[in-house]
Amino acid sequence: MYEAWWALKENPFRAPGHDRAWFAARGHEEAQARMLYALRGGRGMMVLTGRTGCGVTTAVERFARTCDGRVVRGPARDAGEALEVIAGAVEAPAGGRLFDAVSRTVAGMASPVILWDDAPLAAPEALEVLRLLCDIPCAGDTRLTAILAGELCLEDLVRRTPGLAGRVELAFRLHGLEEDELRPYVEGRLWTAGASRPIFAGEAFGSLGFHAGGNVRRVNALCEGALLLGAMAKAPEVTAEIVRQAASELERG
């Protein structure tokens, strides 16, 4: 809707999740490094958490692409549903006892990784299935790495579940963009979308930081709203006032 006014080739803040739009924020890079350490170190279970909009799902999906990890998502009400979800992810053959089929499939894989996103939506007994699978010897003298990911309430869920708490060997809480990363993030998305000149005025980034903090999802929503308002007003650039108006509309919406 606003791309023509700003001479953009695509929507910069709702682009598909491809690598050319990836911004290597320090928190995300550390999350990738922690997950890789869990995998290479045979750490068994890891917990990755973050507030809504800080990019936990993005981190999970990116890591899965780099290591051929299998991403599954809650909810799962019990161990039976968890087995069905995991069986589909690892392509376990049908027939016989499902746990045995999943176990044999996992055992034949070298350094398998299962990432359970939105893990707080799964019942503790569902997540317990992953804990059991972590005990199975896999090909090449490796074991399954299970990464539980989700919002901050996952930390409480793990603490309340002794079987899980006793097996988690690594935990990382992902924060959003840091203050000095906001401008490079926004401008990088704009350049990727085809911008040939600065679109956001310098003072607009202060307003973005004030209204969005480091929350990536809110930064994206504010930028979209500001670009739309600026195009409707035929503004030559996005100013701090336009960002403030976008924030006001988000609050009302």
Quiz item: How close do Gly50 and Val56 get, heavy atom to heavy atom, and via which atoms?
Solution: N-CG2, 3.6 Å
Exercise. Let me see the working for Leu133 and Phe99 under side chain to side chain contact (heavy atoms under 4.5 Å, CB included), right down to the final yes or no.
Key: CA-CA 9 Å; Leu133 292 174; Phe99 184 81; 4.0 Å; yes
Practice problem: For Arg73, look at atom CZ and say whether over 12 heavy atoms of other residues, nucleotides or ligands are found less than 6.0 Å away. | Solution: yes
Practice problem: Compare all side-chain heavy atoms of Asn11 with those of Tyr2 and state whether any distance is below 4.5 angstrom. | Solution: yes
Exercise. Taking Arg143 for its side chain and Asp135 for its backbone only, find out whether a donor-acceptor pair lies under 3.5 Å.
Key: yes
Quiz prompt | Atom pair CG/SG of Leu174 and Cys54 - distance to nearest 0.5 Å | solution = 6.5 Å
Quiz prompt | Side chains of Thr66 and Arg62, donor plus acceptor under 3.5 Å | solution = no
Quiz item: How far apart are the closest heavy atoms of Gly108 and Ala139, and which atoms are they?
Solution: O-CB, 3.8 Å
Quiz item: Which residues pass the side-chain hydrogen bond (donor to acceptor under 3.5 Å, both in side chains) test with Glu179, sequence neighbours left out?
Solution: none
Quiz item: Are Leu144 and Leu170 linked, directly or through other ILVMFWY residues, by side chains that come within less than 4.5 angstrom of each other?
Solution: no
Quiz item: Any link between Ile147 and Met109 through a network of hydrophobic side chains (Ile, Leu, Val, Met, Phe, Trp, Tyr) touching at under 4.5 Å?
Solution: no
Quiz item: Are Glu29 and Arg26 within salt-bridge range, i.e. N to O under 4.0 Å?
Solution: no
Quiz prompt | Distance (rounded to the nearest 0.5 Å) between Leu222 CG and Leu227 CG | solution = 11.0 Å
Quiz item: Does any N or O in the side chain of Asp118 come within less than 3.5 Å of the main-chain N or O of Leu121, such that one atom is a donor and the other an acceptor?
Solution: no
Exercise. Mind checking side-chain contact (heavy atoms from CB on, under 4.5 Å) for Arg77 and listing every partner two or more places apart, or none if nothing turns up?
Key: Glu81
Quiz item: Are Ile136 and Val113 connected in a single hydrophobic cluster, I mean Ile/Leu/Val/Met/Phe/Trp/Tyr linked by side-chain heavy atoms less than 4.5 Å apart?
Solution: no
Quiz prompt | Within-4.5 Å side-chain heavy-atom neighbours: Thr239 and Ser207 | solution = no
Quiz item: Do other residues, nucleotides or ligands put more than 12 heavy atoms under 6.0 Å from Asp180 CG?
Solution: yes
Self-check item: Option among Leu130, Thr145, Val71, Leu148 that satisfies the side-chain contact (heavy atoms from CB on, under 4.5 Å) test with Ile114
Solution: Leu130
Quiz item: side chain to side chain contact (heavy atoms under 4.5 Å, CB included) between Thr58 and Val216: does it pass, once the steps are laid out?
Solution: CA-CA 11 Å; Thr58 300; Val216 179; over 6 Å; no
Self-check item: Arg173 and Leu152, any side-chain heavy atoms less than 4.5 Å apart
Solution: yes
Exercise. Describe, in one word, how the ring planes of Phe13 and Phe200 are oriented to each other, choosing from parallel (under 30°), tilted (30 to 60°) and perpendicular (over 60°).
Key: perpendicular
Quiz prompt | Electrostatic pair Glu30-Arg34, nearest N-O below 4.0 angstrom | solution = yes
Quiz prompt | Asn215 side-chain N/O to Thr52 backbone N/O, donor-acceptor pair under 3.5 Å | solution = yes
Quiz prompt | Distance (rounded to the nearest 0.5 Å) between Cys67 SG and Leu36 CG | solution = 8.0 Å
Quiz prompt | Carboxylate-amine/guanidinium contact Asp68 Arg70, below 4.0 Å | solution = yes
Quiz item: Should Val158 and Met45 count as side-chain neighbours, where that means a heavy-atom distance under 4.5 Å?
Solution: no
Self-check item: Close side-chain approach of Leu157 and Leu127, heavy atoms under 4.5 Å
Solution: yes
Exercise. To the nearest 0.5 Å, tell me how far Arg167 CZ sits from Leu132 CG.
Key: 9.0 Å
Practice problem: Considering non-hydrogen atoms only, spot the tightest contact between Val106 and Cys138 and give its length. | Solution: O-SG, 3.4 Å
Exercise. Go through Leu115 and Met35 one step at a time and tell me if the side chain to side chain contact (heavy atoms under 4.5 Å, CB included) criterion holds.
Key: CA-CA 10 Å; Leu115 304 102; Met35 288 187 282; 4.1 Å; yes
Practice problem: Decide whether Val186 and Ile199 are clustered together by the hydrophobic rule: side chain heavy atoms of Ile, Leu, Val, Met, Phe, Trp, Tyr closer than 4.5 Å, transitively. | Solution: yes
Quiz prompt | Stepwise side chain to side chain contact (heavy atoms under 4.5 Å, CB included) test for Val243 and Phe210 | solution = CA-CA 10 Å; Val243 172; Phe210 177 79; over 6 Å; no
Quiz item: Between the side chain of Gln32 and the main-chain N/O of Ala59, is any donor-acceptor distance below 3.5 Å?
Solution: yes
Quiz prompt | Tyr37 to Arg43 - nearest heavy-atom pair and separation | solution = OH-NH2, 2.6 Å
Quiz item: Got a second to check how far Ser111's OG is from Leu39's CG, nearest 0.5 Å?
Solution: 5.5 Å
Practice problem: Supply the atom-to-atom distance Leu229 CG to Glu241 CD, rounded to the nearest 0.5 angstrom. | Solution: 10.0 Å
Quiz item: Any Lys/Arg nitrogen of Glu251 or Arg244 sitting under 4.0 Å from an Asp/Glu carboxylate oxygen of the other?
Solution: no
Quiz prompt | Mutual orientation of the aromatic rings belonging to Tyr185 and Phe23 [parallel < 30°, tilted 30-60°, perpendicular > 60°] | solution = perpendicular
Practice problem: Check Ala79 against Val129 and note the closest heavy-atom contact, atom names and distance. | Solution: CB-CG2, 3.7 Å
Quiz item: Between Leu182 and Gly209, which heavy-atom pair has the shortest distance, and what is it?
Solution: CD2-N, 3.4 Å
Quiz item: Between Leu177 and Leu190, is there a shared hydrophobic cluster once you connect ILVMFWY residues whose side-chain heavy atoms come closer than 4.5 Å?
Solution: yes
